[in-house]
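Input: a single structure, listed below in structure tokens.
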2 protein chains.
Amino acid sequence: MIRVLLADDENLIRSALRALLSLEDGIEVVAEAATADEALAMARSYAPDVAVLDLQLPDRDGIALAAELHAEVPGCRTMIVTSHGRPGYLKRALAGGVGGFLPKTVSASVLAQVVRTVHAGGRYVDPELAAEAISAGDSPLTARESDVLELAAEGAPVEEIARRAALTPGTVRNYLSSAASKLGAANRHEAVHVARRHGWI
Amino acid sequence: MIRVLLADDENLIRSALRALLSLEDGIEVVAEAATADEALAMARSYAPDVAVLDLQLPDRDGIALAAELHAEVPGCRTMIVTSHGRPGYLKRALAGGVGGFLPKTVSASVLAQVVRTVHAGGRYVDPELAAEAISAGDSPLTARESDVLELAAEGAPVEEIARRAALTPGTVRNYLSSAASKLGAANRHEAVHVARRHGWI
DNA sequence: CCGGAGTGGTGACATTCGTCATGGACCGGC
DNA sequence: GCCGGTCCATGACGAATGTCACCACTCCGG
């Protein structure tokens, strides 16, 4: 019996997934969580075989949670389901040791099959997402450029970004400028959109 | 027996909802659709009693779809479930004759109950969403301000917005400026975020 | 040990943006 | 018919932003 932990902030989805997976032979949902913290606590108590994580949780993202789970609950393998399949996340997830990555557009039977694959130590990535990731390529941004661009995402002025990043305004503008040109954007706001679309921030 | 149509682009959610609702007495899922067009076609064929629609479908939003369903399939009542409960949408939905509006964070039993309520001609709105909608109030923006702000959403420079809106750059800046001040934002990009969060664009 | 890449910074310059005052045209309500 | 609100526009001013050149430091790989 494969013991599964579900983590998704949407109650409806969570209980629905539970219903779906329960119909499958050899799969049992032993715990549910709405937040990453809750999921960690649950995983410590129940030591599930596979954790099915939503990409976006209220407190952190599913990739960070997966890393924590690997560290704290060694026997637990992880897989991520997501509504918005941005390519960049896939790379980060795979690099973080996540065993499966699929969009919520897949069918229930595929989900169950992937749970089994991941439990057996295998990996599965949705073919369409994989294709997107390959065509999108790596982020051309450096670490700091990404940081600064992320801080610029909410439309904050340069000065505030500078304070939050502990940089001088001039440096911030340099980073934003180079990021925008790398992304083929006319300004930082367009750059934010491009980077978001590719999952680079 | 209440005959239900499901419309959601996420296969996983759709089949999961089907599984959930099938467990309920007196509810039967007779059709599923991944797009609005598909949902319309299905509704014409099956004439469901209640249509459960996702707010965001690939081709249009659930509110537009609900309006079309009311026009083309008279006996069909509608309700909307959504991941992102932006207040503005709720108002538009209610104005469009939608019978139920709830976030996907609700439990399965609530969902089933709302299906029954809506089928009986009643209305149900998630209390939290309702509170948000009331506190958020109506959009303070005029029609043109909304238009221009929407065009500004992708980070385009003023000149491009002006061309796309058939306005002079000066006028565009005036609208953006007044929109930003109405929304309490320091600049148009922050204004876009605020308006998005409230469902005003 | 040298070069390249990344990081952090300064200063200058042109452009864009935000803001305000002002004006005219149009429409609906009193 | 007048008033108020919205729509569209112009011009001008200062602040914010984008761009460029240039510098110093660190770290890593060849």
Side-chain angles (χ1 to χ4, degrees), chain A residues 88 91-92 95 136-201, chain B residues 88 91-92 95 136-201:
Chain A
K91 296 215 164 185
R92 277 173 48 211
D138 276 328
S139 169
L141 305 177
T142 68
R144 267 294 176 277
E145 281 166 359
S146 300
D147 290 350
V148 173
L149 198 57
E150 202 154 356
L151 289 172
E154 284 131 36
V158 169
E159 265 197 72
E160 195 188 319
I161 300 173
R163 266 189 292 107
R164 294 218 274 162
L167 292 173
T168 56
T171 306
V172 169
R173 280 191 288 164
N174 285 339
Y175 282 146
L176 288 175
S177 180
S178 80
S181 79
K182 279 179 182 176
L183 298 178
N187 55 49
R188 61 219 174 90
H189 306 287
E190 198 184 325
V192 166
H193 272 81
V194 174
R196 277 250 176 81
R197 192 156 9 100
H198 289 39
W200 291 334
I201 61 170
Chain B
K91 296 215 165 186
R92 277 173 47 211
D138 277 330
S139 169
L141 305 177
T142 68
R144 267 291 177 279
E145 282 166 358
S146 300
D147 290 351
V148 174
L149 197 57
E150 203 152 358
L151 288 171
E154 286 131 36
V158 169
E159 267 198 73
E160 194 187 320
I161 300 172
R163 267 190 288 108
R164 294 218 272 163
L167 292 173
T168 57
T171 306
V172 170
R173 279 191 292 166
N174 286 339
Y175 282 147
L176 289 176
S177 180
S178 80
S181 79
K182 280 179 183 176
L183 299 178
N187 55 50
R188 61 217 170 92
H189 306 289
E190 200 184 325
V192 167
H193 273 82
V194 174
R196 278 249 176 81
R197 189 153 15 96
H198 289 26
W200 291 334
I201 60 169

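In what follows, chains are A, B, ... by sequence order, proteins preceding strands, each numbered from 1.
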Got a salt bridge between A/Glu159 and A/Arg164, using NZ or NE/NH1/NH2 to carboxylate O under 4.0 Å?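 Salt bridge between A/Glu159 and A/Arg164, a charged N being under 4.0 Å from a carboxylate O: no.
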Side-chain donor or acceptor of [X] paired with backbone N/O of [Y] under 3.5 Å:
X: A/Asn187; Y: B/Gly155; result: yes
X: A/Lys182; Y: A/Pro140; result: yes
X: B/His189; Y: B/Ala153; result: no

Working for side-chain contact (heavy atoms from CB on, under 4.5 Å), residues B/Val158 and B/Arg188: CA-CA 10 Å; B/Val158 169; B/Arg188 61 217 170 92; 4.2 Å; yes
Rounded distance (nearest 0.5 Å) linking atom CG of A/Leu141 with atom CD of A/Glu150: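 Taking CG in A/Leu141 and CD in A/Glu150, the distance rounds to 11.0 Å.
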Pairwise distance CG(B/Leu183) to NE2(B/His193) - rounded to 0.5 angstrom: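 The distance works out to 13.0 Å.
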Exactly one of A/Thr142, A/Asp147, A/Leu149, A/Val148 should register a side chain to side chain contact (heavy atoms under 4.5 Å, CB included) with A/Glu145. Which one does?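 Only one of A/Thr142, A/Asp147, A/Leu149, A/Val148 forms a side chain to side chain contact (heavy atoms under 4.5 Å, CB included) with A/Glu145, namely A/Thr142.
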With 3.5 Å as the limit, what N/O pairs link the protein to nucleotides 3-8 of chain D?
| unit_1 | atom_1 | unit_2 | atom_2 | d |
| --- | --- | --- | --- | --- |
| D/dC7 | OP2 | B/Thr142 | OG1 | 2.6 |
| D/dC8 | OP1 | B/Arg144 | NE | 3.3 |
| D/dC8 | OP1 | B/Arg144 | NH2 | 3.3 |
| D/dC8 | OP2 | B/Arg144 | NE | 2.7 |
| D/dC8 | OP2 | B/Tyr175 | OH | 3.3 |

Looking only at side chains, do B/Ser178 and B/Ser181 share a donor and an acceptor under 3.5 Å apart?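 Judged by distance alone, the side chains do not pair up.
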Using the 3.5 Å cut-off, write out each protein N or O paired with an N or O of nucleotides 13-18 of chain C and the distance between them.
| unit_1 | atom_1 | unit_2 | atom_2 | d |
| --- | --- | --- | --- | --- |
| C/dC17 | OP1 | B/Arg188 | NH2 | 2.9 |
| C/dC17 | OP2 | B/Val158 | N | 3.3 |
| C/dG18 | OP1 | B/Arg188 | N | 3.4 |
| C/dG18 | OP2 | B/Arg188 | NE | 3.2 |
| C/dG18 | N7 | B/Arg173 | NH1 | 3.1 |
| C/dG18 | O6 | B/Arg173 | NH1 | 2.7 |

A/Glu190 has an atom CD; how far is it from atom C1' of D/dT17, in whole Å?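 These atoms are roughly 15 Å apart.
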Which is it for B/Val172 and B/Leu151 under the side-chain contact (heavy atoms from CB on, under 4.5 Å) test, yes or no, and what are the steps along the way? CA-CA 10 Å; B/Val172 170; B/Leu151 288 171; over 6 Å; no
Five-pair end axes of the helix from C/dC1-D/dG30 to C/dC30-D/dG1 and the angle they enclose, rounded to 10°: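 Overall, the helix from C/dC1-D/dG30 to C/dC30-D/dG1 bends by 40° from one end axis to the other.
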